[in-house]
Amino acid sequence: MRYALVTGGSRGIGKAVSKKLSEDGMYVVINYCSNKEEAEKTLEEIKVAGGKGELLQFDVSKPEDIETVLEKFSENHPENHIEVLVNNAGIRKDNLQVFMGDDEWNDVISTNLNSFFYITRRLLKDMLVNKFGRIINMVSLSGLKGMPGQTNYSASKAGVIGATKALAQEIASKKVTVNAVAPGFIKTDMTAELNEKELKRIIPMRRFGKAEEVADLVSFLASEKSSYITGEVISINGGIY
Ligand code: NAP
């Protein structure tokens, strides 16, 4: 069984990705931060469907936690390593830049951008040695076009997009691919307080996307079928340009 780690794999898009990768036959390591109940529910759903996996609690914004937890994970699984990494955990703390506090900036950058660096660096060596790997980064339309009220979030996602393109070129010859998925508006807790009725008007498909639709794209990128795609940002947004 291939091992996949989905950060923020307990709720929303990450949950749908965890379930889909399990359906694809992978052992899914579901990371979460604080909501243990939802994480346990996701793992239970996977097990009921006949899949295998485990929970791995750590705060992706804390480099020391990442190192300690992933080191312990390797010790517990000496025969296996993570071949598919989905850097999905993310937060938003919207504010106009003129009013934005240091914490609002730093929390979003460390959760959405720095986590990509620390987690990927930690897991990359095994992928390179074994000459196979899939790294999929969850970015956003915000990181492509910039959204007012989201200078922190847009910067974090644009940062991951740049890193995706650079890292893809560094490791392409080792058959490790790095791609980004850029959703538009997807129905999850993160978008729960948005005015869907109003926002639907700017989406050509006139609806928010489903987490499962994003998961299907991640599933393809995680598979052998995507072997000649790297350094790409694939939008999934109902036609917003
Ligand atoms: P969500 O419903 O709010 O779920 C967030 C997930 O990330 C939860 O599993 C949460 O775990 C985890 N998480 C948050 N902070 C964490 C941390 N510091 N360490 C570890 N895990 C953490 O979000 P979503 O809508 O599914 O978004 C998933 C990703 O897609 C994010 O990167 C987001 O920026 C991106 N995205 C979403 C949309 C959208 O419309 N929904 C659009 C574009 C991009 P806990 O429950 O334990 O906190």
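Scope of the values below: all heavy atoms of this structure, side chains included, with no hydrogens, waters or symmetry mates. Both counts, for ligands and for their atoms, begin at 1 and track the order of listing.
Side chains of Asn179 and Glu232: a donor-acceptor N/O pair is absent below 3.5 angstrom, by distance only. In summary, the side chains of Tyr27 and Glu54 do present a donor paired with an acceptor at a separation below 3.5 Å, with no hydrogens or angles considered. Counted by atom type alone, Asp94 and Gln150 present one or more donor-acceptor pairs between their side chains at under 3.5 Å.
In this structure, Ile13 is a member of the same hydrophobic cluster as Ile136, with clusters built from ILVMFWY side-chain heavy atoms closer than 4.5 Å.
The protein heavy-atom contact nearest to atom 26 (O) of ligand 1 is Ile13 N, 2.8 Å. From the protein, the heavy atom lying nearest to atom 38 (C) of ligand 1 is Gly184 O, 3.9 Å.
By the 3.5 Å distance cut-off applied to N or O atoms, Gly8 is counted among the residues near ligand 1. Annotation: Ile186 places an N or O atom under 3.5 Å from an N or O atom of ligand 1; distance criterion only. Between Lys157 and ligand 1, at least one N/O pair is under 3.5 Å apart. Of the N or O atoms in Ser140, none lie within a sub-3.5 Å distance of an N or O in ligand 1. In terms of polar-atom proximity, defined here as any N/O pair under 3.5 Å, Thr191 makes no such contact with ligand 1. Note: no N/O pair closer than 3.5 Å links Thr111 and ligand 1 by distance alone. Among the atoms of Val60, some N or O lies under 3.5 angstrom from an N or O of ligand 1. Where the criterion is an N or O separation shorter than 3.5 Å, residue side chain and backbone included, Tyr32 fails it with respect to ligand 1.
Other residues, nucleotides and ligands place no more than 12 heavy atoms under 6.0 Å from the CE atom of Met205.
Which parts of ligand 1 touch Met138 is read off a 4.0 Å heavy-atom cut-off, strictly below it: atoms 29 (C), 30 (O), 35 (C).
Neither the backbone nor the side chain of Arg92 has a heavy atom within less than 4.0 Å of ligand 1.
Remark: distances from the non-hydrogen atoms of Val139 to ligand 1 include one below 4.0 Å.
Here His81 and Tyr3 keep their ring centres 6.0 angstrom or further from each other.
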